[in-house]
Amino acid sequence: MTTRGCFQILVALVGCVSSAAGQTAVRITGDTWTAGAQSVERPAAAGGRSDAAALAAPFMLTARAWHKQPVPGGGTLNPVAYGDGASIDASGTLAFTTIIDGVPRNQGIFLADEDGLHPIAIGCGSGGGTGDPGTHCGDPTPIGGTFTGFFRGTYFIPAVNDAGDVMFLSDVVDGPSPRGLFLYRRVEDDIIKIAAVGDPSPMGGRIGMVGPGSINNARQAVFLAYNEGSTVAQIFRWQDGAVSKVVAAGDPAPGGGTLQILAYETASFGDGTTMPVGAVPDINDSGQIAFFAIVSGGRGGQGLFVSRDGVHEWAVWRGQPSPIGGTFLNFWHPLINNEGELAFFTDVDLGGHGNSAWVVGRPGNWRKAVAFFDRIDDGEVRYLAVSRNPMRALDDCGNLLVWCMVLKEDNSERSLQVLITPSGQQIVTAGDNDPTPLGGVLNTFQGWPSMNNGGQMVLGSGILGGIGGTESAHFLVELDHLKGDGDGDRDVDLKDLGLMVECLAGPADCPPQFACTVFDFDGNGRVDLRDAAGFQGAFTGGR
C-alpha cells in the first residue's frame, strides 16, 4: 500500500472527529570487573534523538517502586534498585525482588504498576542461600512449607512475560524440598512449581540444584540445573507441568565436537550450596532457545546456539569476523527476540589488541550496537554491562537497551541508559544527575535494564537528595507524550496525522523510528491501520 493510500484511509477514519473538533558485575576495559503515578521529564539531549527529529518528545520517569514506600501488609519497601533490577511486561508493570524494612516478613517478590505495589510472595529470614529461615513466617508455597529467602542481585532478577507471569527462585522451609523455581500466574493469581531440588530429572536420577531461567508468552520456561551429585550444568525446558531436557554437557555439537560447558558462572552460598547462574538461556514465543556453550573438538571452541524442537544450530562462534573488525573471541548470554534476532556482548580480537561490544542481528548478518570508545552524549564509552538473561533488553523491532558509563571531556564520568536502534542511532533515555519525581537526582544505575515492545523501559537507580531520605527506586521510562501527539505540542491534530502516516509500517513490519511508539496505540511494537481507531479516540484538533 502506498503512503498516499494509507493517508487517505486514515483521513477517512478520523474525518468525523476532525470536522467536529475545532529505567553485580560490569565488564569494563581490560580485565577489571566492578560491582556495580509521579513523574518527571528528561529534556531531549543534544544528539540523543537523531533518529526522531520530526517527533520532538522527551523521556519521562515515573516512580513505580521506591525506598520507604508503604507495603501492603506492613513495613516499607527497600528495593536497592541500583543493585537488584526489575523486569517489565507489556503493560508497563514491573517485577522485582525487594527487602521489606520494619517487619519479620522482610522480603518479597512484587509487581508494581500505576495502581501501586502487588505482593506475589513474601518470605522471611536472611535471604536466599543463607540457611536462615527466620521465624518461618513466609507465605505458603505450592509444594508445602513456606517461602523463606529470595535471591537478590543481577543473576536473580525475576523473569516476566507480557502477561505479567513471573518466574522466581526461592528457598523453602518445612517443605519436601529446600529450594525451588516457581511461576506466579497473573490471570489465575496463583503460584505453581516449575522445578524443585529433588524432583525427578529428565536425564534420570534427580535434580540436585535449580538455577535461574527465562520465560516466553506461551508460558514455556528454560532454566539451568544440576543433576544430583553433579556440578555440571544442563538446560531444561518446562511447559504445562512437564520438564524436559534441551541440551546437556556431553551432547554432540552440530558440525562435530562435543558440547562441554553450558554455564560458566556459578554462585556459592553460605548454606554450602552452589548454583549455576550463567549463561542463562533465553526462549522466544516460537520456542526458539538461545544458549551458550564451550565446545570440545568442534569449531571455534565456544559460541552461541539456537535450538528448536531438539535441533541445535550454531549462531556464531569464536574466530568468525565481527562487525567491529577482527574476530569474535568470547561471548556472554544470548538474548533472542520473537523475530529470531540475537543480541549479545562479546570480546573481539583485533590482532595484537582487543575491544568489546554489544552485537545484534542474525548469523552472517551482525551489526554493532555499541562498543568501548564509541562517543555518546559528548563522552567516550568506558564501561559497559555484559549481556544477561532474563532481562529483555532487545525488543521485537531490534531496538536494544543498554547501560554504559562515558568519560566526558572534563574527565568526569556519567552513567547513561541508552536505546540503540537498528539503524545505529543512540538515544539517551536517562542519565546521572537527571531530576527524579521523588526529589533529588539519579545516581548509580542498575546495569541491566529491560524494555517491552511498546517502548516502555525500566530504570533502577540510586537517588541523591530524595524526599524523606529516599535512596533508590525502580522507574518506568517512556516518551513524554500524549498518545498520538507526534510533534509534542500537547494536542493530537492533523499535523500528527501526517506524522503517523510517516510512521506507518504495515501489520508485519516495525516502524521506521523508535519515536513512532507515540502512535502505537495497541502496544504491539508496530504502527499500522489497527492503530487508527486509537488515533481517532485521541484526536483533539488544534488548540
Side-chain angles (χ1 to χ4, degrees), residues 1-22 41 43-45 47-60 90-92 337-339 341 394-401 419-429 451-457 477-543:
M1 179 180 291
T2 65
T3 298
R4 179 179 177 85
C6 291
F7 183 84
Q8 290 171 336
I9 291 172
L10 281 168
V11 168
L13 286 168
V14 302
C16 60
V17 178
S18 60
S19 61
E41 75 174 39
R49 303 196 58 248
S50 56
D51 68 332
L55 299 170
F59 286 85
M60 177 176 68
S91 70
N337 67 15
N338 289 321
E339 302 300 317
E341 277 196 315
L394 179 70
D395 74 8
D396 289 347
C397 290
N399 297 300
L400 179 71
L401 187 64
L419 182 81
I420 302 157
T421 71
S423 61
Q425 277 81 20
Q426 297 165 331
I427 306 170
V428 176
T429 64
M451 68 185 302
N452 62 23
N453 284 324
Q456 296 174 309
M457 296 159 272
V477 184
E478 56 191 339
L479 290 170
D480 181 26
H481 55 69
L482 302 171
K483 275 294 186 182
D485 177 21
D487 58 10
D489 64 356
R490 300 295 173 178
D491 59 28
V492 180
D493 55 22
L494 290 177
K495 291 184 292 184
D496 300 306
L497 178 59
L499 292 171
M500 183 177 182
V501 169
E502 294 178 14
C503 289
L504 280 171
D509 300 307
C510 290
Q513 300 173 349
F514 174 78
C516 289
T517 55
V518 297
F519 302 117
D520 179 18
F521 285 89
D522 58 9
N524 67 353
R526 294 165 172 80
V527 180
D528 53 43
L529 294 180
R530 289 174 293 186
D531 295 303
F535 188 90
Q536 179 177 350
F539 197 89
T540 61
R543 293 180 180 176

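Since the structure is predicted, the reported quantities are computational estimates derived from the model, not experimental observations.
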Could you check if a side-chain atom of Asp522 sits within less than 4.5 angstrom of a side-chain atom of Asp520, using non-hydrogen atoms only? yes
Counting C-beta onward and ignoring hydrogens, is there a side-chain heavy-atom pair between Asp395 and Asn452 closer than 4.5 Å? no
Is the backbone of Asp485 close enough, under 3.5 Å, to the side chain of Asp496 for a donor and an acceptor to pair up by distance? no
Measure across [X] and [Y] and return the closest heavy-atom pair with its distance rounded to 0.1 Å.
| X | Y | answer |
| --- | --- | --- |
| Gly484 | Val492 | O-CG1, 3.6 Å |
| Met451 | Asn399 | SD-O, 3.8 Å |
| Asn337 | Asp396 | CB-OD1, 3.4 Å |
| Val527 | Asp531 | CA-OD2, 3.3 Å |
| Phe521 | Lys483 | CE2-CB, 3.4 Å |
| Cys397 | Pro422 | O-CG, 3.2 Å |

Nearest-0.5 Å distance that lies between atom [atom1] in [X] and atom [atom2] in [Y]:
| X | Y | atom1 | atom2 | result |
| --- | --- | --- | --- | --- |
| Thr517 | Asn453 | OG1 | CG | 11.5 Å |
| Gln456 | Leu479 | CD | CG | 10.0 Å |
| Thr429 | Glu478 | OG1 | CD | 11.5 Å |
| Asp528 | Cys503 | CG | SG | 12.0 Å |
| Thr421 | Gln513 | OG1 | CD | 9.5 Å |
| Gln536 | Leu497 | CD | CG | 11.5 Å |

Aromatic rings Phe514 and Phe59: how do their planes relate, parallel, tilted or perpendicular, breaks at 30° and 60°? parallel
